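Structure first, commentary second.
Not measured: the values here are computed from a predicted model. By convention in this document, chain letters (A, B, ...) are assigned in the order of the sequence lines, proteins followed by strands, and residues within each chain are numbered from 1.
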Amino acid sequence: MKYFNLFSSVLITKGASRVLISDLERNVSELQSLDLYNLTEDLKLNSIEDVIKEYDRDSKEIINEYIDFLLENEYGFISHNDWDNSFNPLSFDYDSADVINNLFLELDNFSVLHKIRCAMDTIDIRYLVIYSIRQLSKEELEEIDFIFENTSLEGIEIYCPYHDQMNDSFISGLSDQSQRIYKLVLYNCDNITFSTNENLKFSLEYTKDHITIKNCGIVDLKYFNTNNTKIFESKNYNSCLFKKIGIDIEGNIKNCPLMPDHFGNIGNTSLEKVLEMAGFKKYWNLTKDHIAICKDCEFRYICTDCRAFTEKTHQNKDGLDTSKPLKCGYDPYTGEWSEWSTNPLKEKAMKYYDFKIDK
Amino acid sequence: MILILSANNDFTTNEVIKWLHIFDKKYIRVHEFELFEIKVIDKKILLKSQRNSFYIDDINSVWFRRGGIKFNRLQFQNESVNKIMNETQFCLEDYVIKKLESKRHINKQSNNRTNKLLILEKAVAVGLDVPSYFLADNTDHINLGKTITKSISENIIVKSAFDDFDGILYTSIVDKQEDEVFFPTFFQEKIEKEFEIRCFYLNGKVWSCAIFSQNDEQTKIDNRIYNYGKPNRNVRYTLPPEIHHKICILMTELDYNCGSIDFIKSVDGKFYFLEVNPVGQFLGISDICNYTLEKEIADYL
């Protein structure tokens, strides 16, 4: 007798109408039918011969094709006489050596950066994302990097408006000086005054558009990510808000700067204190398995959640908003994507958040 | 206080240190080119370099990762004085290193060089299956196509072997006769493998990962010749208890309490021991199998 063993690094997520097969080693996901899912479940309980026996002649061929597909893609292997139980299931525990993984800062005044630097003496922050509403000089950009010298901060991502002093020497000089900046995004950038093929320490992006922080929260295929960290995190915690802290333009400390609840101001409290406050982490453990509609979606572990903009239709017994993210146009029951901003069902929620409705 | 002896910028060390922060454990990190002076203050031995200064009494545990404690030897003009001072300095240095190694530790500076030949003999002695091997300076008695050859030493990187590249001594199959006699070389029976197993050992615990390199011509003989397009499968695996037990005996005999161990599971179901590396890389299997070994190390220190 032959037995099919699914590799533990292959995760099959069942949705309402399809399944998503995520390959955690090759960092790719693919959509498949529910029939394939049922077959893999059956192969967990019965030998290949016994599974095939259950089907009529025509279906047998399809079953064999499915098994070939699983083997060709190296989603599993065959063992003889029994399943090979020396292969243990993968643990989906998520354990990371940081207190805050991501701090989002809407920057105006540099004194906030020094406050964050002080907080880092007691809490480990891994990444800093800065959205600046005003133009930044080369010296200011270098200062941002320099403030975090000799700290455990690993990377800085900066979004700031383009200005015409941003030439080759500006950009390459910044690259020489910076240690931690790994991404620089210039917005309001109509014509570029720098070459883009330079060998830089950070990735450089630019756009004509005026980016505001309200652009965040869009759910789309292009933002999906198949990797261990992402999937382990989404299986256990909220895929957007876990270990995240935000400081808005007024200095209000929030889980995400776009959410209404705030927990004091950076001017008169510390990040350490805020982290201990009741309610600050209330969304950290809300997984996609407990969010309306998302819980039936095959993409739920590779997608990034949004609690700042939702359809505002569901609430759980603890008062948490468990509605589907507003900016998601996917319907897991039909398997179809549509433009979220033109969906009539979302009009009410969009009015609430003051989004423009395209008709 | 934890003492970490490592290479500057060693990524693995950084990952372990992140956990030390979370556990609120204090540590001193020593880089590979740091030179120490032995000083005595209030009858206590103090080690001092440009970056660090600490009493050896304050060290509770030591992680020997790379490099080690190196000393600044004083030279004296008078040859006889130099000779005796050299010996005196050696005694003190030896005392300091042995003293540090007597504390809670992960591996030892004095025992960091592996000897493939001695390790294989010990592996056979503890009852592990080892593919038959021998040294030879010619290919006269070699079963072509069924024999592999690999480096005797642990260093497999040949600096600037080619104009712009370093060479790497990969394991390879011997498929043709050589006419001439050559330097004594290591030959070993090629085992038809089902998959390979990479284990990480720490103080009696073993974490294993099965590597399916067999389906791929490129990685069949040496999985370090990485296929980026279609990576090998690396999945959690548990060795049979008797193999686990023999690993523990072998590591104790070798006086390593931490290291990476390689096996082959052959098509006939046997587990063949290949080698041990006390300072091997383990973050790869830690990430892929979600073992968080860096946390285990930080916890042990």
**OP:** Verify side-chain hydrogen bond (donor to acceptor under 3.5 Å, both in side chains) between B:Thr238 and A:Ser86, making sure each step is shown before the conclusion.
**Re:** CA-CA 5 Å; B:Thr238 308; A:Ser86 303; over 6 Å; no

**OP:** Test side-chain hydrogen bond (donor to acceptor under 3.5 Å, both in side chains) on A:Tyr37 and A:Gln32 and set out the steps.
**Re:** CA-CA 8 Å; A:Tyr37 174 79; A:Gln32 285 296 336; over 6 Å; no

Subject >> Worked verdict on A:Glu149 versus A:Arg117 for salt bridge (charged side-chain N to carboxylate O under 4.0 Å, His left out) >> reply: CA-CA 9 Å; A:Glu149 199 173 26; A:Arg117 169 64 190 84; over 6 Å; no

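Crowding of A:His114 atom NE2: a count of heavy atoms from other residues, nucleotides or ligands under 6.0 Å exceeding 12. Within a 6.0 Å radius of CG in A:Asp176, more than 12 heavy atoms belonging to other residues, nucleotides or ligands are found.
Aromatic rings of A:Trp284 and A:Phe242 (six-membered ring for Trp) have centroids within the 6.0 Å cut-off, being under it. Checked against a 6.0 Å centroid threshold, the rings of B:Phe195 and B:Tyr237 count as neighbours.
Using a 4.5 Å cut-off between non-hydrogen atoms, the part of residues 291-301 of chain B that approaches chain A consists of B:Thr292, B:Lys295. Along residues 4-14 of chain A, the residues that come nearer than 4.5 angstrom to chain B, judged on non-hydrogen atoms, are A:Phe7, A:Ser8, A:Ser9, A:Val10 in order of number.
Between B:Ile288 and B:Asn234, the shortest heavy-atom distance links the atoms CG2-O, 3.1 Å.
Contact annotation for A:Asn228: only side-chain heavy atoms (C-beta onward) come within less than 4.5 Å of a heavy atom of chain B. With a threshold of 4.5 angstrom between heavy atoms, A:Phe92 approaches chain B through N, CA, C or O but not through any side-chain atom.
Among the candidates A:Leu90, A:Ile123, A:Asp95, the residue making the largest number of heavy-atom pairs closer than 4.5 Å to chain B is A:Asp95. Per-residue heavy-atom pair counts under 4.5 Å with chain B were compared for A:Asp23, A:Thr229, A:Asn85, and the maximum is reached by A:Asp23.
Taking the six-membered ring where tryptophan is involved, the planes of B:Phe200 and B:Trp207 are tilted, since the angle between them lies from 30° to 60°. Under the 30°/60° scheme for interplanar angles, the aromatic rings of B:Tyr27 and B:His21 are found to be tilted.
Figure legend: A:Lys235 and A:Tyr301 shown as a cation-pi pair, the cationic atom lying under 6.0 angstrom from the six-membered ring centre and within 45 degrees of its axis.
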